[in-house]
Amino acid sequence: MTSERFDPSSADVRWQAAWDAAQTFRADDASPRPRSYVLEMFPYPSGRIHIGHVRNYTMGDVLARYKRMQGFEVLHPMGWDSFGMPAENAAMEQGVHPGGWTRANIKAMTAQLKRLGFSFDWSRELSTCEPEYYGHEQSLFLDLYAAGLVTRKESAVNWDPVDMTVLANEQVIDGRGWRSGALVEKRKLSQWFLKITQFADELLDGLGALKNWPDKVRLMQENWIGKSQGLQFTFWSADRATEVEVFTTRPDTIFGASFVAIAADHPIAQGLAAGDPAVADFIAECRKGGTTAAEIETQEKLGFDTGIRLVHPFDPAIELPLYIANFVLMDYGTGAVFGCPAHDQRDIDFARKYGLPVTRVVADGDLTDPVFVGDEAYTGPGALVNSRFLDGMDVEAAKAEVIARAEQSQWGRGTTVWRLRDWGVSRQRYWGTPIPFIHCGDCGVVPVPKDQLPVVLPEDVDFSVPGNPLERHPTWKHVDCPNCGKAATRETDTLDTFVNSSWYFLRFASQPADRPFDPEVIKQWLPVEQYIGGIEHAILHLLYARFWTRALAHIGLIDVKEPFASLFTQGMVTHETYSRVDPGNGQVVYFSPSEIEKRAVPASPEQAPHETPSGIATSGVDVTVALTGMGIGVAQGSVSPEIAIPVTGQAMKVEQGRVTKVFKRGTDEELNAGRVIKMSKSKKNVVDPDDIIAQYGADAVRWFMLSDSPPERDLPWSEAGIEGCGRFVQRLWRIASGNPQAAADAASNPALHKLMHRTIAGVGADIEALQFNKAVAKLYELAGGIEKAAPSAEKIAAIAVLPRLASPMMPHLAEEMYHALGGTGLVAEAAWPDVDPAALVDDEVTIAIQVLGKLRDTVTVAKGLPREELEALALASEKVQRALDGKAVKKVIVVPDRLVNLVA
RNA sequence: GCGGACGUGGCGGAAUGGUAGACGCCGGGGACUUAAAAUCCCCUGAGCCUUGCUCGUGUGGGUUCGAGUCCCACCGUCCGCACCA
């Protein structure tokens, strides 16, 4: 019972229902099978599934399905990272409730995901905005608080005085709120922090064990944590009235010091400013500087000599001027440094500008002259010079010596400074996890008792006025103090949404109603065997999740320390862009590539004004791209003339097949074929997954996501590419439905037998290595091999194995093929085919014969032929003799079963 | 500026130091068809004096019997960080 064509529109839903009915993808905690936890980063419910999600989840799905076929009990869950700002923005813009908006989005996106046939265990679906999730998060937060890992401290935030809200750094544009346009103020607020710095060392050391993480991500985290070892010590003025604590990673260069500099925000600078308007002016000048990358780069080094002189710790006779400098950061180290211009580029820039001494203390080869020439600091290795007792030591020895002496004389100590800050988790926002604390006039900050959890976010809130709706809710924040019973108020800050995503992988593994998770169940699933997501989460999300896992292990709730054994960061899905500068207002207008089709039209109206564009390129006529005229003065919805762009970039208007106008290059009407970039609404180059599933079926879309580009690189979307995938789906279907009867006397086909087993082994290895593009190529080869083969038992066997090989990637088609071939049950539950190791061994090999490293001939011989025979065969070749041209062979390189290279 | 990745046909890309361009897309030719779609077959890096030869993996050097692959320098593209003491 087979139809001519595979019809995804009926097959997809049919098999999705079958998997559902059989509970195929339900992970069983009680299963005797070994465990495999495959996880993709869960999405924010923005409204629509993006093609990038499709790529991400397809990769995870292939691995999860393959692992299941390999006999693993697979946990492959899906859920929603559903707290966050877009819901509040929608509430303000559209007058809807954040919860309603979010839940409607989840519903729509769930339907989209189901259309793709992903093998998710939907019974474990979770949504972080529901009390069933965030209530447990509050409980964990209280546990961390009890363990001393949560603190409250004053911290500066970006405050938008019009919207009455705190802004993230990314929301501050040119010093103004992105929505209100109001000048942003720095405000000090008492905020909640998680003590991630307490785990800085562990988080850094732990990276070393994450062998299956991309080096790039480990390096980014390492830099983010930013460990620096050095010496912290105090400079005093001769009269002991001023002391400046500095930190340096180069204590060895202490005899090259020529100034001390403090940040504009440093207490000493602030103190001086109070009594001296000139200092105050200078500090104001420093603050003016922008904070963007480009501004910092071009910013000049500025300094202000305070007039204060500090004495050198090793010799009171040496005095150093104390400057206030704009390049010193208050929030790193101690907010003060000593400058050694000869060996630090920043310091030499500063010293040259203010005429300070530049003394060489590390020899650059034979250069030992104390007078340092030039404007480029020497930061390389060398021996200490001009440094008294340090002379002759190498840099490392000198560092150790200075630290030892400082500690002995008690004016300094060896120390470690981190770039990593404690994690501020307070958000003055409505749509987040309420922080479970109560402020009492008498008792201070009191944790909400666990039996009163969850602290539920009220739904009846008002977004018509700016500010945090929790603040002005009539009843919500008013509670009695759990401690003394007096009237008190709830904390109205909510948790950073990164907290939600810092432990969701635990809740997926185990979700009892009465506690966050069951440690015994966690033990059998964690760590996640393979985590897949975007590189944009290389630092924050992945660092926070690692921290939470360690913190929970630290307080004994779990005993896994690293949540993700392997990490894979996939590339983006890109698409071409088309744009044009609108001559009217000078703004760039984008056109959707979906409106573009290739066709030939005359290159100019002059050339052939009445030619009808045909589908055929003829010589002398440019191949052009025709674009319907959305956005070029044509009202949407009307019948548009077309805009055609020849490959050279010149655009023309085509009406009813006639070129009526040319948008000349170099004029203000030029139309540009832009770069291939990430899909984005504003560039009008998005492709909606629903549209392409409807057109080609889920399997073709999945297959495209895996084809061609290596998964870590960007994948360029193309219409031709997805069409090719659709064709391959049909091709496989024809193979399976073609009824390949082997004639009784048909010759056997050992080559196909080998190809089949090579493919089974290769596809499996490629999937495990996440090299899906290679697995795809191997399946194409097997399909081609089967099609070319004459009827034989091997051909029947190869066809029979095809559904199982295709199942992880094209699950709906695979089920259909499996049943067409008489399979019972579900191929999704079938075992991955066995490999015959004997079939992987070739008994014949092709030997390359080279002369002087250049290929001259090949011979096919039995495997394992001895060297002498290979050599003789090589010399017997006519082509080789011609290449040798009578020259004597001086040397023969033989690589058995591979090649012979004759050196003449 | 610092750190990292990458550079192979018209395009996406294959290639444990050992036959460069697997596989796919595009393109060309043919078969089938009244015709089209679909499908199938063949060709498809460049050049040439075409039984074959020469050149060819960003550029220039090097190591090697042999380099897309290893080393050095440079050019270009992309990404991350950013005055971190």
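Just the heavy atoms: all of them, side chains too, but no hydrogens, waters or symmetry mates, feed the values below. In what follows, every chain begins at residue 1, and chains take the letters A, B, ... in the order their sequences are listed. Note that the coordinates shown come from a computational prediction; the quantities given were computed from them, not determined experimentally.
- Between E787(A) and R731(A) there is a salt bridge, since a side-chain N of the basic residue sits under 4.0 Å from a carboxylate O of the acidic one.
- Using a 4.0 Å heavy-atom cutoff across all strands shown, V328(A) reaches at least one base atom of the nucleic acid.
- Taking 4.5 Å as the limit, every side-chain heavy atom of I324(A) sits out of range of all side-chain heavy atoms of H266(A).
- Only the C1' atoms considered, rG60(B) is 15 Å distant from rG76(B), to the nearest whole Å.
- For the pair Q850(A) CD and rU19(B) C1', the computed distance is 8 Å after rounding to whole Å.
- Between the CG atom of L855(A) and the P atom of rA67(B) there is a distance of 13 Å, rounded to whole Å.
- Between the C1' atoms of rC70(B) and rU57(B), the separation comes to 16 Å (whole Å).
- Side-chain atoms of T574(A) and D714(A) form no donor-acceptor pair, as typed in the model, at a separation below 3.5 Å.
- When rounded to the nearest whole Å, the span between CZ of R218(A) and C1' of rA5(B) equals 15 Å.
- In this structure, CG of N223(A) is placed 13 Å from P of rC84(B), rounded to the nearest angstrom.
- Atom C1' of nucleotide rC84(B) and atom CG of L231(A) are separated by 17 Å, given to the nearest angstrom.
- Spacing between rA73(B) and rC26(B) at atom P, rounded to whole Å, works out to 43 Å.
- Straight-line distance between the P atoms of rG24(B) and rU51(B): roughly 30 Å, to the nearest whole Å.
- Across all strands shown, Y780(A) has heavy atoms under 4.0 Å from sugar-phosphate atoms exclusively, and none from any base.
- Within 4.0 Å of V895(A), counting heavy atoms only, lies at least one base atom of the nucleic acid.
- Comparing rG18(B), rC26(B), rA85(B) by their closest approach to the side chain of R727(A) singles out rC26(B).
- Nearer the 5' end of RNA chain B, as judged by each residue's closest nucleotide, is the contact made by T858(A), out of T858(A) and G853(A).
- With salt bridges taken as basic N to acidic carboxylate O contacts below 4.0 Å, none links E222(A) and R218(A).
- Within the 4.5 Å cutoff, side-chain heavy atoms of I254(A) are placed close to those of P313(A).
- Among the nucleotides rC26(B), rA85(B), rG80(B), the one closest to the side chain of M220(A) is rG80(B).
- Within the 4.5 Å cutoff, the side chain of L207(A) has heavy atoms near those of the L210(A) side chain.
- Relative to the side chain of R419(A), the nucleotides rU19(B), rC81(B), rG66(B) differ in distance, and rC81(B) lies closest.
- Note: CZ (F259(A)) to C1' (rC83(B)) measures 12 Å, nearest angstrom.
- Taking the six-membered ring for Trp and the full ring otherwise, Y354(A) and F259(A) have centroids separated by 6.0 Å or more.
- Where G335(A) and T846(A) meet RNA chain B, the nucleotide closest to each residue was compared, and T846(A) sits on the side nearer the 5' end.
- Counting to the nearest Å, the P atom of rG24(B) and the CD1 atom of I722(A) are 16 Å from each other.
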>> I need a per-nucleotide contact map over nucleotides 8-15 of chain B, read 5' to 3'. Cutoff is protein heavy atoms under 4.0 Å; write B for the base, S for backbone only, - otherwise.
In response: ----BSSS

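- Residue-level contact check: L219(A) touches the backbone only, with heavy atoms under 4.0 Å from sugar-phosphate atoms and none from bases.
- P710(A) is listed as a side-chain neighbour of N773(A), based on a closest heavy-atom distance under 4.5 Å.
- Taking the P atom of each, rG21(B) and rU16(B) are spaced 13 Å apart, rounded to whole Å.
- Classification of rG9(B) as syn follows from a glycosidic angle within 90° of 0.
- Ring-centre distance between Y780(A) and W703(A): below the 6.0 Å cut-off.
- Rounded to the nearest 0.5 angstrom, R250(A) CZ and K399(A) NZ are separated by 5.5 Å.
- Rounded to whole Å, the separation between the P atoms of rU77(B) and rC71(B) comes to 24 Å.
- The phosphate of rA38(B) (OP1 or OP2) has no side-chain N or O of R734(A) nearer than 4.0 angstrom.
- Between rC55(B) and K854(A), a contact under 4.0 Å exists linking OP1 or OP2 to a side-chain N or O.
- Between the side chain of K778(A) and the base of rC23(B), no donor-acceptor pair under 3.5 Å is found.
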Protein-nucleic acid N or O pairs under 3.5 Å, nucleotides 49-53 of chain B:
none

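- Using P as the reference atom, rG68(B) and rG17(B) are 13 Å apart when rounded to the nearest Å.
- Aromatic pair Y696(A)/F704(A): centroids not less than 6.0 angstrom apart.
- Checked by atom type and distance alone, the side chain of R856(A) never pairs as donor or acceptor with a backbone atom of G853(A) at under 3.5 Å.
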>> Could you write out RNA chain B as dot-bracket? Rules: Watson-Crick or G-U wobble, both distances under 3.5 Å, brackets [ ] for crossings, | for pairs with another strand, dot for unpaired.
In response: (((((((..(((.....[....))).(((((.......))))).((((...))))..(((((..]....))))))))))))....

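- Nucleotide rC84(B) holds its C1' atom 4 Å from the OH atom of Y332(A), rounded to whole Å.
- Between Y332(A) and F247(A), the ring-plane angle classifies as perpendicular under the 30° and 60° cut-offs.
- Across F304(A), F350(A), F338(A), a single residue satisfies ring pair (Phe, Tyr, Trp, His ring centres under 6.0 Å) together with Y323(A), and that is F350(A).
- Taking atom C1' on both nucleotides, rG13(B) is separated from rG45(B) by 15 Å, rounded to a whole Å.
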